[in-house]
S.K.: 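For reference, the structure I am asking about is given below.
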Amino acid sequence: MSFSHWMLILVLALAAFAIRVLGLIAGDAIRSSRFAWVLDDLPGLIIVSLVASSLAGETIGTWLAAAIALLIAHVTRSVILTMCAGVAAYGGMV
Amino acid sequence: MRYGAIAMLPLAAGAAVYGFAFGLLAAQIGFPWWGVTLMSGLVHAGSSQIVAVEHFAETFAVMGAALAGAALNLRYIGIIATLSEILSGLSLRMKLLTIHIAGDENWALMMAERAKNPEIGAGFLIGSGLVMFSTWTTSTTLGAIAGATLPNLERFGLGFAFTAAFIAMARGLWRGPANLAPWAASFFITICSVSLGVPKAYAIIIGAVCGLGLSRVIRNRKRRAA
(Lines give C-alpha, C1' and ligand atoms only; values in the text may rest on other atoms or scores of the structure.)
Protein backbone atom coordinates (compact mmCIF):
# COMPACT_ATOMS: atom_id res chain seq x y z
CA MET A 1 0.00 0.00 0.00
CA SER A 2 1.53 3.30 -1.10
CA PHE A 3 1.73 6.54 0.89
CA SER A 4 -1.29 7.97 -0.93
CA HIS A 5 -3.38 4.87 -0.15
CA TRP A 6 -2.55 5.35 3.56
CA MET A 7 -3.30 9.06 3.39
CA LEU A 8 -6.65 8.47 1.73
CA ILE A 9 -7.70 6.11 4.54
CA LEU A 10 -6.51 8.43 7.31
CA VAL A 11 -7.85 11.69 5.87
CA LEU A 12 -11.21 10.12 5.05
CA ALA A 13 -11.45 8.52 8.51
CA LEU A 14 -10.64 11.82 10.22
CA ALA A 15 -13.13 13.72 8.08
CA ALA A 16 -15.91 11.16 8.59
CA PHE A 17 -15.44 11.10 12.36
CA ALA A 18 -15.13 14.89 12.60
CA ILE A 19 -18.45 15.23 10.78
CA ARG A 20 -20.12 12.83 13.24
CA VAL A 21 -18.68 14.67 16.26
CA LEU A 22 -19.77 17.98 14.73
CA GLY A 23 -23.29 16.54 14.48
CA LEU A 24 -23.11 15.55 18.16
CA ILE A 25 -21.87 18.95 19.34
CA ALA A 26 -23.46 21.43 16.98
CA GLY A 27 -25.93 19.47 14.87
CA ASP A 28 -29.02 21.22 16.14
CA ALA A 29 -27.44 24.67 15.82
CA ILE A 30 -26.31 23.98 12.23
CA ARG A 31 -29.66 22.54 11.25
CA SER A 32 -31.47 25.69 12.39
CA SER A 33 -28.89 28.08 10.86
CA ARG A 34 -29.19 29.79 7.48
CA PHE A 35 -26.75 27.27 5.97
CA ALA A 36 -28.95 24.23 6.66
CA TRP A 37 -29.91 24.07 2.96
CA VAL A 38 -26.29 23.31 1.99
CA LEU A 39 -26.43 20.09 4.08
CA ASP A 40 -29.62 19.11 2.26
CA ASP A 41 -28.51 19.97 -1.26
CA LEU A 42 -24.81 19.14 -1.50
CA PRO A 43 -24.94 15.31 -1.29
CA GLY A 44 -27.42 15.01 -4.18
CA LEU A 45 -25.49 17.48 -6.34
CA ILE A 46 -22.21 15.62 -5.80
CA ILE A 47 -23.80 12.30 -6.75
CA VAL A 48 -25.35 13.80 -9.89
CA SER A 49 -22.00 15.34 -10.88
CA LEU A 50 -20.26 12.00 -10.30
CA VAL A 51 -22.73 10.21 -12.56
CA ALA A 52 -22.26 12.94 -15.18
CA SER A 53 -18.46 12.65 -15.03
CA SER A 54 -18.59 8.89 -15.57
CA LEU A 55 -21.00 9.24 -18.51
CA ALA A 56 -19.17 12.11 -20.25
CA GLY A 57 -17.67 10.96 -23.54
CA GLU A 58 -19.06 7.41 -23.18
CA THR A 59 -20.81 5.44 -25.90
CA ILE A 60 -24.55 5.55 -26.52
CA GLY A 61 -24.72 2.00 -25.06
CA THR A 62 -23.41 3.23 -21.71
CA TRP A 63 -25.96 6.06 -21.70
CA LEU A 64 -28.75 3.59 -22.45
CA ALA A 65 -27.56 1.32 -19.61
CA ALA A 66 -27.61 4.39 -17.32
CA ALA A 67 -31.17 5.18 -18.46
CA ILE A 68 -32.22 1.59 -17.63
CA ALA A 69 -30.52 1.86 -14.22
CA LEU A 70 -32.40 5.12 -13.59
CA LEU A 71 -35.70 3.46 -14.47
CA ILE A 72 -34.99 0.51 -12.13
CA ALA A 73 -33.88 2.90 -9.36
CA HIS A 74 -37.07 4.91 -9.80
CA VAL A 75 -39.30 1.85 -9.60
CA THR A 76 -37.51 -0.22 -6.94
CA ARG A 77 -35.54 2.41 -4.95
CA SER A 78 -33.07 -0.39 -4.24
CA VAL A 79 -29.33 0.17 -4.62
CA ILE A 80 -28.61 -3.56 -4.98
CA LEU A 81 -31.26 -4.22 -7.66
CA THR A 82 -30.15 -1.12 -9.57
CA MET A 83 -26.51 -2.30 -9.51
CA CYS A 84 -27.47 -5.77 -10.79
CA ALA A 85 -29.79 -4.45 -13.52
CA GLY A 86 -27.28 -1.75 -14.50
CA VAL A 87 -24.40 -4.19 -14.93
CA ALA A 88 -26.63 -6.63 -16.85
CA ALA A 89 -27.76 -3.81 -19.16
CA TYR A 90 -24.18 -2.58 -19.57
CA GLY A 91 -23.01 -6.10 -20.39
CA GLY A 92 -25.75 -6.38 -23.01
CA MET A 93 -25.03 -3.00 -24.63
CA VAL A 94 -21.25 -2.64 -24.61
CA MET B 1 -29.72 -4.38 22.05
CA ARG B 2 -30.39 -7.95 20.90
CA TYR B 3 -33.69 -6.93 19.32
CA GLY B 4 -31.87 -4.23 17.35
CA ALA B 5 -29.26 -6.73 16.16
CA ILE B 6 -31.88 -9.25 14.96
CA ALA B 7 -34.09 -6.63 13.31
CA MET B 8 -31.05 -5.42 11.36
CA LEU B 9 -30.20 -8.75 9.66
CA PRO B 10 -32.27 -8.40 6.44
CA LEU B 11 -30.84 -4.94 5.75
CA ALA B 12 -27.35 -6.17 6.61
CA ALA B 13 -27.62 -8.84 3.88
CA GLY B 14 -28.17 -6.08 1.31
CA ALA B 15 -25.24 -4.07 2.64
CA ALA B 16 -23.01 -7.16 2.38
CA VAL B 17 -23.52 -7.37 -1.40
CA TYR B 18 -22.70 -3.73 -1.75
CA GLY B 19 -19.68 -4.08 0.58
CA PHE B 20 -18.36 -7.02 -1.42
CA ALA B 21 -18.55 -4.98 -4.63
CA PHE B 22 -16.74 -2.10 -2.93
CA GLY B 23 -13.97 -4.48 -1.80
CA LEU B 24 -13.54 -5.70 -5.39
CA LEU B 25 -13.18 -2.13 -6.63
CA ALA B 26 -10.72 -1.13 -3.90
CA ALA B 27 -8.54 -4.18 -4.59
CA GLN B 28 -8.38 -3.25 -8.27
CA ILE B 29 -6.78 0.09 -7.49
CA GLY B 30 -4.11 -1.29 -5.20
CA PHE B 31 -5.61 -1.58 -1.72
CA PRO B 32 -4.50 -4.81 0.04
CA TRP B 33 -7.29 -6.67 1.89
CA TRP B 34 -6.12 -5.42 5.29
CA GLY B 35 -6.08 -1.86 3.96
CA VAL B 36 -9.74 -2.27 3.05
CA THR B 37 -10.50 -3.69 6.52
CA LEU B 38 -8.72 -0.73 8.07
CA MET B 39 -10.59 1.76 5.91
CA SER B 40 -14.00 0.20 6.55
CA GLY B 41 -13.34 0.03 10.28
CA LEU B 42 -11.99 3.57 10.62
CA VAL B 43 -14.26 5.37 8.16
CA HIS B 44 -17.44 3.27 8.40
CA ALA B 45 -19.38 5.23 5.78
CA GLY B 46 -20.22 3.16 2.69
CA SER B 47 -21.16 5.81 0.17
CA SER B 48 -18.25 8.10 1.17
CA GLN B 49 -15.76 5.26 0.82
CA ILE B 50 -17.10 4.35 -2.61
CA VAL B 51 -17.05 7.94 -3.83
CA ALA B 52 -13.55 8.55 -2.45
CA VAL B 53 -12.11 5.33 -3.91
CA GLU B 54 -13.81 5.80 -7.28
CA HIS B 55 -12.45 9.36 -7.40
CA PHE B 56 -9.01 8.17 -6.29
CA ALA B 57 -9.01 5.50 -9.03
CA GLU B 58 -9.36 8.17 -11.68
CA THR B 59 -7.11 10.90 -10.33
CA PHE B 60 -4.89 9.50 -7.55
CA ALA B 61 -5.33 12.85 -5.81
CA VAL B 62 -5.74 12.21 -2.08
CA MET B 63 -7.26 15.51 -0.97
CA GLY B 64 -9.75 15.71 -3.85
CA ALA B 65 -10.90 12.13 -3.25
CA ALA B 66 -11.19 12.58 0.53
CA LEU B 67 -13.07 15.86 0.14
CA ALA B 68 -15.54 14.37 -2.33
CA GLY B 69 -16.11 11.44 0.03
CA ALA B 70 -16.44 13.64 3.10
CA ALA B 71 -18.82 16.07 1.39
CA LEU B 72 -21.14 13.17 0.76
CA ASN B 73 -21.08 12.45 4.47
CA LEU B 74 -22.28 15.94 5.45
CA ARG B 75 -25.74 14.48 5.90
CA TYR B 76 -24.41 12.85 9.09
CA ILE B 77 -24.44 16.23 10.79
CA GLY B 78 -28.21 16.07 10.48
CA ILE B 79 -28.47 12.35 11.22
CA ILE B 80 -26.39 12.55 14.41
CA ALA B 81 -28.19 15.71 15.50
CA THR B 82 -31.47 13.79 15.56
CA LEU B 83 -29.90 11.36 18.05
CA SER B 84 -29.13 13.92 20.77
CA GLU B 85 -32.11 12.94 22.92
CA ILE B 86 -31.50 9.19 22.54
CA LEU B 87 -27.79 9.49 23.40
CA SER B 88 -28.22 11.86 26.34
CA GLY B 89 -28.02 9.09 29.00
CA LEU B 90 -24.73 7.61 27.73
CA SER B 91 -21.15 8.33 28.82
CA LEU B 92 -18.97 10.32 26.39
CA ARG B 93 -17.04 7.20 25.39
CA MET B 94 -20.27 5.32 24.58
CA LYS B 95 -21.57 8.36 22.69
CA LEU B 96 -18.46 8.45 20.50
CA LEU B 97 -18.68 4.70 19.88
CA THR B 98 -22.40 4.90 19.05
CA ILE B 99 -22.03 7.75 16.55
CA HIS B 100 -19.19 5.88 14.83
CA ILE B 101 -21.31 2.75 14.26
CA ALA B 102 -24.47 4.69 13.38
CA GLY B 103 -25.10 4.42 9.64
CA ASP B 104 -27.98 5.25 7.30
CA GLU B 105 -29.57 1.82 7.58
CA ASN B 106 -29.54 1.29 11.32
CA TRP B 107 -30.41 4.92 12.01
CA ALA B 108 -33.44 4.75 9.72
CA LEU B 109 -34.56 1.43 11.19
CA MET B 110 -34.20 2.73 14.75
CA MET B 111 -36.21 5.87 13.93
CA ALA B 112 -38.97 3.79 12.32
CA GLU B 113 -39.12 1.38 15.29
CA ARG B 114 -39.06 4.23 17.79
CA ALA B 115 -42.04 5.84 16.11
CA LYS B 116 -43.98 2.66 16.98
CA ASN B 117 -42.48 2.11 20.45
CA PRO B 118 -40.83 5.01 22.37
CA GLU B 119 -38.99 2.51 24.61
CA ILE B 120 -36.65 1.79 21.70
CA GLY B 121 -33.50 3.87 21.91
CA ALA B 122 -29.74 3.67 22.40
CA GLY B 123 -29.66 -0.10 23.01
CA PHE B 124 -31.38 -0.81 19.70
CA LEU B 125 -29.10 1.63 17.89
CA ILE B 126 -25.94 0.04 19.33
CA GLY B 127 -27.10 -3.55 18.69
CA SER B 128 -28.07 -2.83 15.09
CA GLY B 129 -24.96 -0.67 14.62
CA LEU B 130 -22.65 -3.52 15.71
CA VAL B 131 -24.30 -5.82 13.16
CA MET B 132 -23.85 -3.23 10.40
CA PHE B 133 -20.27 -2.47 11.41
CA SER B 134 -19.21 -6.14 11.37
CA THR B 135 -21.11 -6.82 8.14
CA TRP B 136 -19.47 -3.86 6.43
CA THR B 137 -15.88 -4.61 7.50
CA THR B 138 -16.23 -8.35 6.73
CA SER B 139 -17.94 -8.03 3.35
CA THR B 140 -15.55 -5.33 2.07
CA THR B 141 -12.55 -7.42 3.20
CA LEU B 142 -13.89 -10.54 1.46
CA GLY B 143 -14.49 -8.46 -1.68
CA ALA B 144 -10.90 -7.22 -1.58
CA ILE B 145 -9.54 -10.76 -1.19
CA ALA B 146 -11.62 -11.92 -4.16
CA GLY B 147 -10.68 -8.82 -6.17
CA ALA B 148 -6.95 -9.40 -5.73
CA THR B 149 -7.17 -12.85 -7.37
CA LEU B 150 -9.37 -11.80 -10.28
CA PRO B 151 -8.23 -10.24 -13.55
CA ASN B 152 -9.14 -6.70 -14.54
CA LEU B 153 -12.81 -6.43 -13.65
CA GLU B 154 -13.30 -3.15 -15.47
CA ARG B 155 -13.96 -5.23 -18.59
CA PHE B 156 -16.91 -6.93 -16.90
CA GLY B 157 -18.61 -3.68 -16.04
CA LEU B 158 -17.45 -3.25 -12.44
CA GLY B 159 -16.96 0.48 -13.00
CA PHE B 160 -20.50 0.71 -14.28
CA ALA B 161 -21.80 -1.10 -11.18
CA PHE B 162 -20.91 2.00 -9.19
CA THR B 163 -22.36 4.39 -11.74
CA ALA B 164 -25.58 2.38 -11.28
CA ALA B 165 -25.18 2.54 -7.48
CA PHE B 166 -24.79 6.33 -7.67
CA ILE B 167 -27.92 6.57 -9.81
CA ALA B 168 -29.83 4.63 -7.12
CA MET B 169 -28.36 6.87 -4.38
CA ALA B 170 -29.46 9.93 -6.32
CA ARG B 171 -32.98 8.48 -6.44
CA GLY B 172 -32.85 8.13 -2.67
CA LEU B 173 -31.74 11.76 -2.25
CA TRP B 174 -34.39 13.15 -4.63
CA ARG B 175 -36.68 15.47 -2.68
CA GLY B 176 -39.08 16.48 -5.45
CA PRO B 177 -39.33 18.94 -8.37
CA ALA B 178 -37.38 21.64 -6.49
CA ASN B 179 -34.25 19.53 -7.11
CA LEU B 180 -34.74 19.38 -10.87
CA ALA B 181 -33.11 22.64 -12.01
CA PRO B 182 -30.03 22.47 -9.71
CA TRP B 183 -29.49 18.78 -10.49
CA ALA B 184 -29.83 19.32 -14.24
CA ALA B 185 -27.41 22.26 -14.03
CA SER B 186 -24.84 20.16 -12.14
CA PHE B 187 -25.23 17.32 -14.64
CA PHE B 188 -24.79 19.41 -17.79
CA ILE B 189 -22.04 21.63 -16.42
CA THR B 190 -20.04 18.55 -15.34
CA ILE B 191 -20.52 16.96 -18.80
CA CYS B 192 -19.47 20.21 -20.54
CA SER B 193 -16.46 20.65 -18.26
CA VAL B 194 -15.23 17.10 -18.93
CA SER B 195 -15.80 17.55 -22.67
CA LEU B 196 -13.76 20.77 -22.58
CA GLY B 197 -10.87 18.82 -21.07
CA VAL B 198 -11.23 19.77 -17.39
CA PRO B 199 -9.97 16.87 -15.22
CA LYS B 200 -12.90 14.87 -13.76
CA ALA B 201 -11.98 15.66 -10.15
CA TYR B 202 -12.44 19.39 -10.80
CA ALA B 203 -15.39 18.96 -13.15
CA ILE B 204 -17.34 17.28 -10.32
CA ILE B 205 -16.62 20.18 -7.96
CA ILE B 206 -17.48 22.80 -10.61
CA GLY B 207 -20.75 20.97 -11.36
CA ALA B 208 -21.75 20.60 -7.69
CA VAL B 209 -20.91 24.23 -6.84
CA CYS B 210 -22.88 25.57 -9.84
CA GLY B 211 -25.87 23.45 -8.75
CA LEU B 212 -25.53 24.82 -5.22
CA GLY B 213 -25.47 28.39 -6.58
CA LEU B 214 -28.59 27.83 -8.67
CA SER B 215 -30.35 26.22 -5.72
CA ARG B 216 -29.51 29.29 -3.65
CA VAL B 217 -30.91 31.67 -6.30
CA ILE B 218 -34.14 29.64 -6.54
CA ARG B 219 -34.56 29.54 -2.77
CA ASN B 220 -34.06 33.31 -2.47
CA ARG B 221 -36.55 34.02 -5.22
CA LYS B 222 -39.12 31.72 -3.59
CA ARG B 223 -38.65 33.45 -0.26
CA ARG B 224 -39.12 36.86 -1.87
CA ALA B 225 -42.26 35.66 -3.65
CA ALA B 226 -43.72 34.22 -0.44
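Any value given below was found using the heavy atoms of this structure, including those in side chains, with hydrogens, waters and symmetry copies removed.
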S.K.: Under 4.5 Å heavy-atom distance to chain A, tell me which part of B:Arg219 shows up: side chain, backbone, both or neither.
M.R.: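 Looking at B:Arg219, just its side chain touches chain A.
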
S.K.: So how far is it from A:Phe35 CZ to B:Ile77 CD1, rounded to the nearest 0.5 Å?
M.R.: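 CD1 of B:Ile77 is found 13.0 Å from CZ of A:Phe35.
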
S.K.: Heavy-atom distance under 4.5 Å to chain B: side chain of A:Ala18, backbone, both or neither?
M.R.: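 Contact with chain B: none, neither part.
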
S.K.: Just to be sure I understand the criterion: a residue of residues 179-188 of chain B counts if one of its heavy atoms is under 4.5 Å from a heavy atom of chain A. Which ones qualify?
M.R.: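 Expected list: B:Pro182, B:Trp183, B:Ser186, B:Phe187.
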
S.K.: Return the minimal non-hydrogen interatomic distance between B:Gly35 and A:Ile9, and the atom names on each side.
M.R.: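 That closest heavy-atom pairing would be O-CD1, 3.4 Å.
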
S.K.: Locate the shortest heavy-atom distance separating A:Met83 from B:Ala161; write the atom from each residue and the value.
M.R.: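 Answer, listing the atom of A:Met83 first, then B:Ala161: CG-O, 3.5 Å.
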
S.K.: If we only count heavy atoms from C-beta on, is the A:Phe17 to B:His44 side-chain gap below 4.5 Å?
M.R.: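 Side chain of A:Phe17 against side chain of B:His44, heavy atoms only: no contact under 4.5 Å found.
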
S.K.: Any side-chain heavy atom of B:Phe56 sitting closer than 4.5 Å to one from A:Ser4?
M.R.: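 Counting from C-beta outward, B:Phe56 and A:Ser4 do come under 4.5 Å.
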
S.K.: Which residue is it: B:Val43, B:Val53, B:Val62, B:Leu67? I am looking for the one with a side chain to side chain contact (heavy atoms under 4.5 Å, CB included) to A:Leu12.
M.R.: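 The passing option is B:Val43.
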
S.K.: Looking at B:Ala45, B:Gly172, B:Ala203, B:Ala81, which has the largest count of heavy-atom pairs under 4.5 Å with chain A?
M.R.: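 Highest number of heavy-atom pairs under 4.5 Å: B:Ala81.
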
S.K.: Is the backbone of B:Ile99 close enough, under 3.5 Å, to the side chain of A:Arg20 for a donor and an acceptor to pair up by distance?
M.R.: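 Here the side-chain-to-backbone pair exists.
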
S.K.: Chain A heavy atoms under 4.5 Å from B:Leu87: which part of the residue, side chain, backbone, both or neither?
M.R.: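 Only the side chain of B:Leu87 comes within 4.5 Å of chain A.
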
S.K.: So which residue, B:Val194, B:Leu212, B:Asn73, ends up with the most heavy-atom pairs under 4.5 Å with chain A?
M.R.: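 Most heavy-atom pairs within the cutoff with chain A belong to B:Leu212.
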
S.K.: With rounding to the nearest 0.5 Å, note down the distance linking CD1 in B:Ile205 to CG in A:Leu45.
M.R.: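 One gets 13.5 Å once the value is rounded to the nearest 0.5 Å.
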
S.K.: When rounded to the nearest 0.5 angstrom, what is the spacing between CE in A:Met93 and CZ in B:Phe160?
M.R.: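 Taking CE in A:Met93 and CZ in B:Phe160, the distance rounds to 9.0 Å.
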
S.K.: Can you tell me which of B:Val51, B:Ile206, B:Leu42 forms the most heavy-atom pairs within a distance under 4.5 Å of chain A?
M.R.: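 Greatest number of close heavy-atom pairs with chain A: B:Leu42.
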
S.K.: Can you say whether B:Leu173 sits under 4.5 Å from chain A via the side chain, the backbone, both, or neither, judging by heavy atoms?
M.R.: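 The side chain, not the backbone.
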
S.K.: Measure the shortest side-chain to side-chain distance between B:Thr163 and A:Tyr90 over non-hydrogen atoms and say whether it is less than 4.5 angstrom.
M.R.: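 Sidechains of A:Tyr90 and B:Thr163: no contact.
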
S.K.: Heavy-atom distance under 4.5 Å to chain B: side chain of A:Ser2, backbone, both or neither?
M.R.: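 Contact with chain B involves no heavy atom of A:Ser2 at all.
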
S.K.: If you count heavy-atom pairs under 4.5 Å with chain B, which of A:Ala56, A:Ala15, A:Ser78 comes out on top?
M.R.: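 Option with the greatest count: A:Ala56.
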
S.K.: Tell me if the CH2 atom of B:Trp107 is crowded by more than 12 foreign heavy atoms within 6.0 Å.
M.R.: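 Yes.
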
S.K.: What closest approach, in Å, do A:Ala52 and B:Thr190 show between heavy atoms, and which atom pair accounts for it?
M.R.: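 Shortest heavy-atom contact: CB-CB, 3.7 Å.
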
S.K.: Among A:Thr62, A:Leu70, A:Ile46, A:Val11, who wins on heavy-atom pairs under 4.5 Å with chain B?
M.R.: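 Heavy-atom pair counts peak at A:Ile46.
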
S.K.: Check the orientation of B:Trp34 and A:Trp6. Use parallel for under 30°, tilted for 30 to 60°, and perpendicular for over 60°.
M.R.: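 B:Trp34 vs A:Trp6 ring planes: tilted.
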
S.K.: Could you measure the distance from the OG1 atom of A:Thr82 to the CZ atom of B:Phe166? Nearest 0.5 Å is fine.
M.R.: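 A:Thr82 atom OG1 to B:Phe166 atom CZ measures 13.0 Å (nearest 0.5 Å).
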
S.K.: Could you state the interatomic distance from CZ (B:Arg171) to OG1 (A:Thr76), rounded to the nearest 0.5 Å?
M.R.: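 Taking CZ in B:Arg171 and OG1 in A:Thr76, the distance rounds to 9.5 Å.
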
S.K.: Report the option among A:Ala66, A:Ala85, A:Ala36, A:Gly91 that has the most heavy-atom pairs separated by less than 4.5 Å from atoms of chain B.
M.R.: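 If we count pairs closer than 4.5 Å to chain B, A:Ala66 comes out on top.
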
S.K.: Ignoring hydrogens, what is the shortest heavy-atom contact between B:Ala164 and A:Ala69? Give both atom names and the distance.
M.R.: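 Looking at all heavy atoms of both residues, the shortest contact is CB-CB, 4.2 Å.
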
S.K.: Looking at B:Gly207, B:Cys210, B:Ala66, which makes the most heavy-atom pairs under 4.5 Å with chain A?
M.R.: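 If we count pairs closer than 4.5 Å to chain A, B:Ala66 comes out on top.
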
S.K.: Based on non-hydrogen pairs under 4.5 Å, which of A:Ser53, A:Gly86, A:Cys84 is most in contact with chain B?
M.R.: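 It is A:Ser53.
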
S.K.: Between CD1 of B:Ile50 and CG of A:Leu50, what distance do you get to the nearest 0.5 Å?
M.R.: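 The CG atom of A:Leu50 is 11.0 Å from CD1 of B:Ile50, to the nearest 0.5 Å.
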
S.K.: In the structure I gave you, are the side-chain heavy atoms of A:His5 and B:Met39 within less than 4.5 Å of one another anywhere?
M.R.: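 A:His5 does not reach B:Met39 side chain to side chain.
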
